[in-house]
Each structure stands twice: as C-alpha cells, then as structure tokens.
Amino acid sequence: MKENAVITIISITIIVLNMMMIIVLDIKNAIMVATMAEIMAVMAEVTAVITVVVMAEVTAAVMAVTTAVIMTVITVAVMAVTTAVITVVVKDVAAVGAGCFNLINN
C-alpha cells in the first residue's frame with residue numbers, strides 16, 4: 001500500500017511540475033512577444049525620426065545649392081543684359097553728342 005501511495009505522490013508531483021513548466025514557458029513566450037513588439041515600435045519611431053531629420057537636412061542642402069545656382073545665373077544674365085543696354089545707350093548718346101558738335105562747328 002505504501003509503495004502505491006509513494007508512486008502516486010511522485011506521479012502527481014511530476015504532473016504538477018510539468019504543468020508549472022508549461023505555465024513558465026507560456027509566460028516566457030508572452031514576455032518575449034511583448035518585448036519584440038516593444039522593440040519593433042521603438043525601431044519604427046527611431047526610423048521615423050531619422051527619416052524626418054535626414055530629409056530635412058537633404059532638403060535644406062538641396063534648396064541652398066539650388067537657390068545659389070539660380071541666383072548666380074539670374075545675376076549673370078541681368079548684368080550681361082544691363083551692360084549691353086548701357087553700352088548701346090552710351091554709344092547712342094556719344095553719337096548724338098558728336099553729331100551736335102559737328103552741327104555747331106560747321
């Protein structure tokens with residue numbers, strides 16, 4: 001009788017330990033899933049912040065270079081046209097002045 005009771009107690013103990021091990025594994029798996037979800041959320045936030053910062057920096061750099069190039073091209077074109085117009089006007093004024101000088105002296 002005592003042997004049967006000992007075997008029963010050992011069997012029940014093994015069953016309880018197995019159930020506890022299953023419960024511990026389930027808890028570990030739940031913690032791992034929650035941890036991975038949290039890690040993925042943090043990675044998504046970090047990626048979003050890095051993307052926004054990098055895009056802002058790239059946009060600012062591109063806009064600065066583009067603005068500088070466009071302003072240089074426009075300035076050169078305006079100066080060339082202005083110089084050409086002033087040259088033509090000065091030549092015309094000089095020709096008119098020379099013509100008036102000739103009229104007066106003749």
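Numbering starts at 1 and runs along the sequence shown. This one's a predicted model, so the numbers in the text were calculated from it and none came from an experiment.
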Option among Val16, Ile15, Ile9 that satisfies the side-chain contact (heavy atoms from CB on, under 4.5 Å) test with Thr13: Ile9
Please set out all donor-acceptor pairs under 3.5 angstrom arising from side-chain atoms of residues 71-83, sequence neighbours excluded.
from: Thr72; atom 1: OG1; to: Ala68; atom 2: O; distance (Å): 2.7
from: Thr75; atom 1: OG1; to: Met71; atom 2: O; distance (Å): 2.6
from: Thr82; atom 1: OG1; to: Val78; atom 2: O; distance (Å): 2.6
from: Thr83; atom 1: OG1; to: Met79; atom 2: O; distance (Å): 2.7

Acceptor/donor pairs from residues 18-44 side chains to any protein atom, 3.5 angstrom cut, sequence neighbours excluded:
from: Asn18; atom 1: ND2; to: Ile14; atom 2: O; distance (Å): 3.4
from: Asn29; atom 1: ND2; to: Leu25; atom 2: O; distance (Å): 3.3
from: Thr35; atom 1: OG1; to: Ile31; atom 2: O; distance (Å): 2.7

Could you pull out every donor-acceptor pair under 3.5 Å between side chains of residues 50-60 and any protein atom, sequence neighbours left out?
from: Thr51; atom 1: OG1; to: Thr47; atom 2: O; distance (Å): 2.7
from: Thr59; atom 1: OG1; to: Met55; atom 2: O; distance (Å): 2.6

